[in-house]
Amino acid sequence: MVVLAGCGGDYPQSTIDPVSGDFGSAIQGLYRLVFWWTMVILAVVWGVLAYVLFRYRSRPGAPEPKKIRGHLGLEIGWTLGAAVIVVLISVPTIQVVFRTQLQPEEGALVVEVVGRQWWWEFRYPAEGVVTANELHLPVGRKVALQLRSADVIHSFWVPRLGGKRDVNPWVREPDAAAPRVNRLMLTVDEPGIYPGQCAEFCGPSHGLMGMRVVAEGEAEFQEWVRRMKGAAPPQLGSLADRGREIFMRSSCIACHAIEGTAAQGAIGPNLTRLGARTTLGAGLLQNTRENLIAWIRDPASLKPGVKMPGVAEGGGGLPPTGLTEEEVEAVAAYLASLE
Ligand code: CUA
């Protein structure tokens, strides 16, 4: 145990170090509750075991101990005891489940989370912003996530914010006024960047379906919203200009949208201000020029099954883009300029 403890380090996806005072702390409280109850069970079982081993150990000349068959009192005792512990664990658990999926409160920031193979879409309906894979949230304000999937079942999990929640295909019940979504209410208390991960097996690149939560002050968040809406047009150089031309006349725009341009595809990740993101490919790669070029050139080599065509290989039902290396570099320059 001591040696293993030495392996401890700075793990950004720690579930026992919450930065969310409501959801994260509630989940940690449940974790501790279960932990201490299992410790009680462990102590009782091992205590009885140790006593029996010592008390009835083999000794030269000792008679065989008396055999007992069935003991009503004991059986009632351990059945009731176990049942009481289950109730003491399940009641607080169910309370937390219901408390964290209420309808959005007044003043809460509503974000629609759409799970897709294999990336995350984040839509801010009141702000009119759509982005992918990096969820910007203001610190100290109640956030109401509305989770649904565009394809198969995913699971939203940012360990430092709290537990997982299933992201299910949008079920429209016959008589319901609105489609049913899963909800998650939480508040982030500390600014920072918190990585998360899809936690439900969803296909070949399930393990590469990452995301980041960027928690920032209210003013910075508002500034991000303002810039996402195209208040700051990108500064283009000649290579980036050429990249924009190529992007707008190629199959890129069949799937991708960039705010303020003719690109309005809704199948792939929204690329508005891609240059300002920290990672590419749903948390897979650092957002550098080299990685962006590698991604555009051959995404399937980086993310198996990806629904995006590369230069020489089709994907997502689209033929290969057939871009030259110079054109790939130009498109990368354009996307990187979108800050
Ligand atoms: Cu999405 Cu696993």
Side-chain angles (χ1 to χ4, degrees), residues 11-15 20 23-24 27 97 100-101 110-124 130-137 143-172 179-186 188 193-215 255-257 265-272 274 277-287 291 295 298-310 313 315-318:
Y11 294 113
Q13 297 202 141
S14 168
T15 190
S20 159
F23 183 48
I27 296 295
V97 170
T100 56
Q101 60 175 12
V110 174
V111 185
E112 295 169 11
V113 176
V114 188
R116 293 169 182 263
Q117 286 172 314
W118 292 273
W119 57 281
W120 298 93
E121 181 169 82
F122 302 116
R123 314 177 71 94
Y124 300 69
V130 180
T131 189
N133 301 323
E134 293 193 5
L135 172 60
H136 283 248
L137 296 178
V143 176
L145 302 181
Q146 318 226 293
L147 308 109
R148 66 183 174 90
S149 165
D151 35 55
V152 301
I153 302 176
H154 304 274
S155 180
F156 179 90
W157 191 30
V158 182
R160 293 199 65 192
L161 300 191
K164 305 161 186 173
R165 186 129 308 165
D166 275 357
V167 179
N168 296 330
W170 195 330
V171 182
R172 193 179 281 275
R180 193 169 60 181
V181 294
N182 275 353
R183 290 184 293 266
L184 190 50
M185 293 273 281
L186 59 92
V188 191
I193 295 183
Y194 307 113
Q197 175 68 44
C198 176
E200 178 79 39
F201 180 70
C202 56
S205 281
H206 154 68
L208 304 177
M209 190 172 163
M211 72 186 113
R212 282 165 172 236
V213 168
V214 181
C255 300
H256 295 290
I267 300 167
N270 186 305
L271 301 180
T272 305
L274 182 86
R277 290 186 203 159
T278 57
T279 59
L280 298 172
L284 178 60
L285 303 167
Q286 290 299 314
N287 188 1
N291 286 341
W295 177 264
D298 188 7
S301 71
L302 300 163
K303 191 167 208 172
V306 69
K307 295 175 177 177
M308 165 170 158
E313 207 179 323
L318 290 168

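In each ligand, atom 1 is the first atom listed, and ligand 1 is the first ligand listed. Along the sequence shown, the residues carry numbers beginning at 1.
Separating the CD1 atom in Ile193 from the CG atom in Leu135 is a distance of 12.0 Å, to the nearest 0.5 Å. Distance CG/Leu318 to SG/Cys255: 5.0 Å, rounded to 0.5 Å. Note: Phe156 CZ to Leu184 CG = 6.5 Å, rounded to the nearest 0.5 Å.
Restricting His154 to its N, O or S atoms, the one at the least distance from atom 1 (Cu) of ligand 1 is ND1. Within Glu200, the N, O or S atom lying nearest to atom 2 (Cu) of ligand 1 carries the name O. The N, O or S atom of His206 lying closest to atom 2 (Cu) of ligand 1 is ND1.
Partner of Met209 under the side chain to side chain contact (heavy atoms under 4.5 Å, CB included) criterion, out of His154, Arg116, Gln117, Glu200: His154 alone.
Formation of a donor-acceptor pair under 3.5 Å by the Trp157 side chain with backbone atoms of Asp166 is not found in this model.
Rounded to 10°, the angle that SG of Cys198 and SG of Cys202 form at atom 2 (Cu) of ligand 1 is 120°.
For atom 1 (Cu) of ligand 1, the set of nearby N, O or S atoms under 2.8 Å includes none belonging to Ser155.
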